[in-house]
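What follows is a single structure, written as structure tokens, with notes after it.
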Amino acid sequence: MYRTHNCGELRIEDKGQNVTISGWVQRKRDKGGMIWIDLRDRYGITQLAFDESKTDKNILEAVGKCGREYVLKATGKVVERYSKNDKMPTGDIEIFPDELEILSAAKTPPFTIENESDGSDELRMKYRYLDIRRNPVKKALILRHNIARETRKYLDENGFLEIETPNLIKSTPEGARDFVVPSRMHPGTFYALPQSPQTFKQLLMLGGLDKYFQLVKCYRDEDLRADRQPEFTQIDCEMSFVDKEDIMTQFEGLMQHLFKSVLNVDIDTPFNRMSWHDAMEKYGTDKPDLRFDMPISEITHLAQNKGFKVFDSVEYVGGICAEKSASYSRKQLDELTKFVQQPQVGAKGLVYVKYNEDGSFKSSVDKFFTPEDLKSWAEAFGAKPGDLLLILAGNKQETLEQLSVLRLEMGNRLNLRTPGRYVPLWVIDFPLLEWDDETKRYYAKHHPFTSAKTEDIKFMDVDPGKVRANAYDMVINGVELGGGSIRIHNTLDQQRMFNLLGFSEEEARAQFGFLLDAFQYGVPPHGGIAFGFDRICALFGGSDSIRDYIAFPKNNAGRDIMLDAPARISEEQLKELKLKIVDKG
RNA sequence: GGUGUCGUAGUUCAAUUGGUUAGAAUGCCGGCCUGUCACGCCGGAGGUUGCGAGUUCGAGUCUCGUCGACACCGCCA
């Protein structure tokens, strides 16, 4: 037997028991005469003690060999410590082993297995199995497990069925790039890995299953980000005989349950709602962080025709008001200017107006504007003495986006993005379609199965860009956690949608014939939502990167540096698949 | 596809802005120490400064290329 107890559970009450524990050597302290080993497993650390004058010679010899991360099995009596450690749960006791077995020797690990490791990200990813031994990584994976368990519990209790859908499916032209898998039995043809089980879950509704969910891997062959992996997990859900309100209420409930059961945090329902249009105008983004307000105000009409060419020559002038920041130094303002001028942000420059405590103004454009002008701006911003106005100008769309980035930066600098505080929001009334200038056609903003708002259907033929969708995104603290829609549920509307997207009837049939056929056999009105499970984990864990919550993530370039994947395959494999590599890049 | 930052002992970083033998901490190895728990003390080993070219009397430092890591833009219905 390898253990009677784990390394985290023995207490003073267990004094006198004969126990066996197994684990890894966290640390060895040789004091001369006395030697201690901290033995670690998933549950904690227990100290082994060895007395050079009393412990068996063979055991001492084995102890001498032990280095960090050796795997040991130790049997002995639990004794009360002579000097206790109140920082450890097991700090009152230790074990004097009378048997010790080295189960596995270990090379010295390339980085320290401590809460604050000395290893870089790259090194820790290469040796991810060692990294996982560290408490922060272990905790993140436990958090992920807890969120998964509570998701299943809530959805089960609400009548949802977890149903698996296939991973080898068919490539579709819309949306993200597909990962593709060659078929051996049908040379020259390919499966695609699903970007989401979208059509399957709709067919499950046709199948009458009513309420479906799945914790499901999805795959998108696009470039990575801190919050984007090529394979990721969704909480994918669909319901029948529901409208938008039913779904929003149901999944506010899920989120409320997760916050309460996993973090013991109370969040209020119903969540606030904001139209996509308002979000873009007020915050420059469709996923505003509402832990702080600092909305964007437009002052184009106040700032133009006063002789300042930069403002006169543009479509849009607007900015944000940072409270109590008029005392910002030249250096800080230069930093902000540099920040917005980074190519990633792309602003040409930054105009500031300090609304001083004494009511006077100091700005970078004093040459062009009178104090009265600046006062009118301050009023437009709702600014008070002591506030700092930060103003950008340019093309409207781009400037709003730049202001949204600047707003988040100011939120960070002013510590307004409080960790542990959660402000949920539904963003609704998304445009159904997006015009693409390059290909001169509309694309579905969400996906081609999303229905239009009834009152906007009249614009469908005359001004499709104006049609709003029955879609909703859940945003918490500026993170887009999930989104969904009420689906189209009749053949005619679906065909009209494919038409708008430029599909010929034949193309629509070839791609989605099974769905159009299915729609002829009695379709319940239905809709659903999908959450980024990894993002929920990162939000709950307080991290910006989902990699910390994935056991074996891919790096920035989509590689698994532990496996060294992707990799070449053998000539035999290629032959079997009837594939030929023409250009190795 | 593009932009930016970075790359120096096993590891994390430094090197006075181009100048002697590239340092520190930590880890590792050896020795001492009977109550440690980030133990302590003494000693030791450890380097093709990612790789390649160039400028220079002289390059870790400057230039170009290349490879890699990270963040972002494009992309992600």
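Because only heavy atoms are used, hydrogens play no part in the values below, and waters and symmetry mates are left out as well, while side chains stay in. Below, chains carry the letters A, B, ... as their sequence lines are ordered, and counting in each starts from 1.
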Original post:
Where each pair must be Watson-Crick or G-U wobble with both distances under 3.5 Å, what dot-bracket representation of RNA chain B is obtained, with crossing pairs in [ ] and other-strand partners as |?
Top reply: (((((((..((((.....[...)))).(((((.......))))).....(((((..]....))))))))))))....

Subject >> Sequence-distant partners of Ile59(A), side chain to side chain contact (heavy atoms under 4.5 Å, CB included), two or more places apart >> reply: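 Result, side chain to side chain contact (heavy atoms under 4.5 Å, CB included) vs Ile59(A): Phe50(A), Thr55(A), Asp56(A), Val63(A), Leu100(A).
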
**OP:** Check side chain to side chain contact (heavy atoms under 4.5 Å, CB included) between Glu52(A) and all other residues, then give those that pass, not counting sequence neighbours.
**Re:**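 Side chain to side chain contact (heavy atoms under 4.5 Å, CB included) check on Glu52(A) returns Asp30(A), Ile35(A), Leu60(A).
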
Original post:
Do any side-chain nitrogens or oxygens of Asn555(A) fall under 4.0 Å of OP1 or OP2 in A69(B)?
Top reply: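 Checking A69(B) against Asn555(A), a side-chain N or O does come within under 4.0 Å of OP1 or OP2.
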
Subject >> Arg547(A) vs C70(B): side-chain N/O to OP1/OP2 distance below 4.0 Å >> reply: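 Result: yes.
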
Heavy atoms under 4.0 Å, any strand shown: does [X] hit a base, just sugar-phosphate, or nothing?
X	answer
Thr172(A)	nothing
Leu123(A)	sugar-phosphate
Gln47(A)	base
Thr112(A)	nothing

Original post:
Can a donor-acceptor pair be found between the side chains of Ser196(A) and Gln234(A) at a distance below 3.5 Å?
Top reply: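 Distance-only check fails for Ser196(A) and Gln234(A).
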
**OP:** Compute whether any side-chain donor of one residue and acceptor of the other, for Gln511(A) and Glu507(A), lie under 3.5 angstrom apart.
**Re:**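 On atom types as modelled, these side chains do not qualify, holding no pair under 3.5 Å.
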
Original post:
For residues 228-238 of chain A, which residue pairs qualify under salt bridge (Lys or Arg N to Asp or Glu O under 4.0 Å), counting only residues two or more places apart or in two chains?
Top reply: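 Found Lys201(A)-Asp236(A), Lys201(A)-Glu238(A), Lys217(A)-Glu231(A), Glu231(A)-Lys554(A), Glu238(A)-Arg487(A).
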
Original post:
Hey, is OH on Tyr82(A) packed in by over 12 heavy atoms from elsewhere, all under 6.0 Å?
Top reply: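 No, OH of Tyr82(A) has 12 or fewer neighbouring heavy atoms, counting only those of other groups under 6.0 Å.
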
Original post:
Heavy atom of residues 21-32 of chain A under 4.0 Å from RNA chain B: which residues?
Top reply: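 Nucleic-acid contacts, sorted: Arg27(A), Arg29(A), Asp30(A), Lys31(A), Gly32(A).
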
Are there any protein N/O atoms within less than 3.5 Å of an N/O atom in nucleotides 3-6 of chain B, and if so, which ones and at what distance?
residue, atom, partner, partner atom, Å
U3(B), O2, Gln344(A), NE2, 3.2

Original post:
What is the glycosidic conformation of U48(B): syn, defined as within 90° of 0, or anti?
Top reply: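 Here the answer is anti: the torsion falls beyond 90° from 0.
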
